[in-house]
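A short worksheet on the structure shown next.
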Amino acid sequence: MIDRWLEERREGREQSEEDIRGFVRGVLDGSVSRAQAAAWLAFVCVRGMTPAETVALTRAMTDSGERLRWDGLTGPFVDKHSTGGVGDKVSLVLAPLWAALGRRVPMLSGRGLGITGGTLDKLESIPGFRTSLGPAELRRVLAEVGCFISGQTRELAPADRELYALRDETGTVPSVPLITASILSKKLVEEIEELVLDVKHGSGAFMKTEAAARELADSLERVGRASGLRTRALLSDMSQPLGRAVGNALEVEEAVACLEGGGPPDLRALVVALSGCGAEAEAALDDGRALERWRRMVRAQGGDPEGPLRGAACSVTEVSSPHAGVVHRCDAGRLGRAAFLLGAGRLRAGQGIHHGVGLVLAAKRGDRIEAGAPLAFLHHAGGRGLEEARRLVAAAYEVV
Ligand code: URA
């Protein structure tokens with residue numbers, strides 16, 4: 001069977017849903033070898049997949065493990081997925097905001113890899129906050145608070161874990177159908193009704209150009225809808241970081257400022273746009289309802305919303321502007337890499353991170369700045385990575 005499947009993929013012939021399911025099953029039970037699976041993925045990466053095949057792959061991956069069940073709870077059940085970026089702390093604000101507006105938000109999130117931060121790492125800046133809740137706890141927190149943010153368990157979409165590890169090893173991650181199936185299979189197991197996607201483009205994003213982001217957004221919307229989810233995708237700019245804080249605990253502080261009705265305007269604007277709730281969302285941020293849900297969620301997951309965050313004892317070094325002018329570029333890619341070098345991120349899954357380190361941007365694109373005024377503050381742990389990070393931050397800015 002696998003010989004035919006490989007030949008079909010190599011020749012670019014459409015495969016049936018049954019054959020795609022057979023392939024996914026075979027990857028998990030070992031009847032398809034790792035070499036065969038890698039070849040199959042490489043053919044998809046080069047020759048693509050039809051929309052019907054992408055839907056079939058998504059379904060097969062969703063059905064490869066268990067699903068969460070919310071029997072007895074009333075919805076609407078909604079979630080958001082971001083393709084990831086530098087300083088992206090939207091989930092920390094949006095989950096409690098939606099809960100305050102009567103939605104139920106069963107948000108399964110991931111950890112950071114490379115220059116992209118992960119929501120779970122950010123939340124673990126809060127001492128005691130637990131990000132690996134079991135099914136009974138997920139249900140309890142969702143019932144009591146209206147939202148949770150927790151990690152994916154091994155029982156959910158196991159085919160994605162296998163296939164993603166193979167893609168990572170074989171250079172087959174950048175394929176729109178494979179990314180689509182990977183993202184949606186992990187969201188479909190949450191048993192939600194509506195999914196909002198934040199597809200980012202720019203130097204700090206997975207998709208570097210707006211055209212590439214548009215292609216992925218269209219595929220996610222098409223396959224999401226064909227899988228029975230109300231799906232809405234927004235494109236957003238990641239040529240400069242979102243907000244002013246980059247790094248785990250620093251981002252939690254900024255998210256809380258947004259939940260208090262303040263924080264940087266670009267963060268608030270994106271949260272409100274993704275919520276789809278306009279003035280209602282603005283009001284819940286301003287009158288403390290979203291903040292109150294955040295505090296309840298943090299307590300329900302074991303943290304103290306009023307307590308100090310991890311890694312607060314960092315040293316701070318300033319990078320200043322060599323001359324006066326207007327900030328023309330504030331490059332997310334370089335700034336993300338600088339935060340990574342200070343210890344905010346990891347290269348490989350399983351590596352530890354430092355929760356307190358990162359950057360606070362004093363200037364962003366369009367800001368007028370005097371000579372010698374700060375561009376950014378580097379929060380570092382005893383100088384680790386400082387010199388290279390300082391060089392990257394200086395190179396990230398163009399002041400003209
Ligand atoms: N994020 C995912 O979850 N899967 C991919 O394939 C790429 C990015």
Side-chain angles (χ1 to χ4, degrees), residues 1-65 81-84 113-114 156-189 195 197-201 205-229 231-233 235:
M1 199 71 98
I2 181 68
D3 292 345
R4 177 170 59 79
W5 294 341
L6 287 176
E7 185 187 320
E8 283 169 352
R9 289 257 70 97
R10 191 177 59 237
E11 305 305 321
R13 291 202 298 274
E14 189 169 47
Q15 288 189 311
S16 67
E17 169 149 18
E18 195 186 329
D19 285 349
I20 290 173
R21 278 188 179 275
F23 169 76
V24 170
R25 238 188 343 265
V27 170
L28 282 178
D29 69 18
S31 58
V32 170
S33 73
R34 283 175 65 78
Q36 288 166 329
W40 192 94
L41 292 167
F43 292 141
V44 170
C45 197
V46 173
R47 305 211 59 145
M49 267 187 152
T50 65
E53 286 179 310
T54 312
V55 172
L57 180 62
T58 304
R59 286 202 185 123
M61 288 166 67
T62 305
D63 294 342
S64 67
H81 176 83
S82 160
T83 55
L113 209 54
L156 300 172
D160 178 60
R161 211 173 18 259
E162 282 296 314
L163 291 173
Y164 192 85
L166 268 172
R167 289 166 61 207
D168 199 26
E169 256 180 79
T170 55
T172 51
V173 170
S175 149
V176 166
L178 296 179
I179 298 170
T180 300
S182 168
I183 290 175
L184 290 178
S185 63
K186 286 179 291 206
K187 289 293 158 188
L188 283 160
V189 298
L195 176 65
L197 294 147
D198 178 10
V199 184
K200 295 188 179 295
H201 53 88
F206 188 53
M207 294 298 184
K208 301 298 176 205
T209 65
E210 193 170 338
R214 180 80 269 157
E215 188 189 352
L216 179 59
D218 287 347
S219 171
L220 287 162
E221 279 189 333
R222 194 182 318 114
V223 176
R225 287 173 189 162
S227 309
L229 266 185
T231 310
R232 182 162 58 87
L235 298 196

Spatial distance of atom [atom1] ([X]) from atom [atom2] ([Y]) [nearest 0.5 Å]:
X    : Y    : atom1 : atom2 : result
L195 : L188 : CG    : CG    : 8.0 Å
T180 : L220 : OG1   : CG    : 4.5 Å
D160 : L184 : CG    : CG    : 10.5 Å
S33  : I2   : OG    : CD1   : 7.5 Å
M49  : L57  : CE    : CG    : 4.5 Å
L163 : L28  : CG    : CG    : 7.5 Å

Which heavy atom of [X] sits nearest a heavy atom of [Y], and at what distance?
X    : Y    : value
S64  : A159 : OG-N, 3.1 Å
P174 : C45  : O-SG, 3.9 Å
A37  : V32  : N-CG1, 3.8 Å
A212 : M207 : CB-SD, 3.8 Å
S227 : T58  : OG-CG2, 4.4 Å

[X] (side chain) donor-acceptor with [Y] (main chain) under 3.5 angstrom:
X    : Y    : result
S182 : L178 : no
R222 : P51  : no
T170 : L166 : yes
S82  : G84  : yes
T83  : K200 : yes

Inset, instruction - Kindly check if the number of other-residue, nucleotide or ligand heavy atoms within 6.0 Å of CD (E18) is above 12? - result: no
Between the side chains of [X] and [Y], does any donor sit under 3.5 Å from an acceptor?
X    : Y    : answer
S185 : T62  : no
Q15  : E8   : yes
T231 : E221 : no

Inset, instruction - Start with the C-alpha distance between K208 and H201, add both sets of side-chain angles, then the distance that settles side chain to side chain contact (heavy atoms under 4.5 Å, CB included), and finish with yes or no. - result: CA-CA 5 Å; K208 301 298 176 205; H201 53 88; over 6 Å; no
Side-chain heavy-atom pair [X], [Y] within 4.5 angstrom cut-off:
X   : Y    : result
T54 : T50  : no
R4  : D19  : yes
H81 : D198 : no
V44 : R9   : yes
V46 : R10  : no

Inset, instruction - Show the numbers, then the answer: is there a side chain to side chain contact (heavy atoms under 4.5 Å, CB included) between I20 and W5? - result: CA-CA 8 Å; I20 290 173; W5 294 341; over 6 Å; no
Inset, instruction - Report the relative orientation of the aromatic rings in W40 and F23; use parallel for angles under 30°, tilted for 30 to 60°, perpendicular for over 60°. - result: parallel
NZ/NE/NH1/NH2 to OD/OE distance under 4.0 Å, [X] and [Y]:
X    : Y    : result
E17  : R21  : yes
R34  : E169 : yes
D29  : R25  : no
R167 : E162 : no

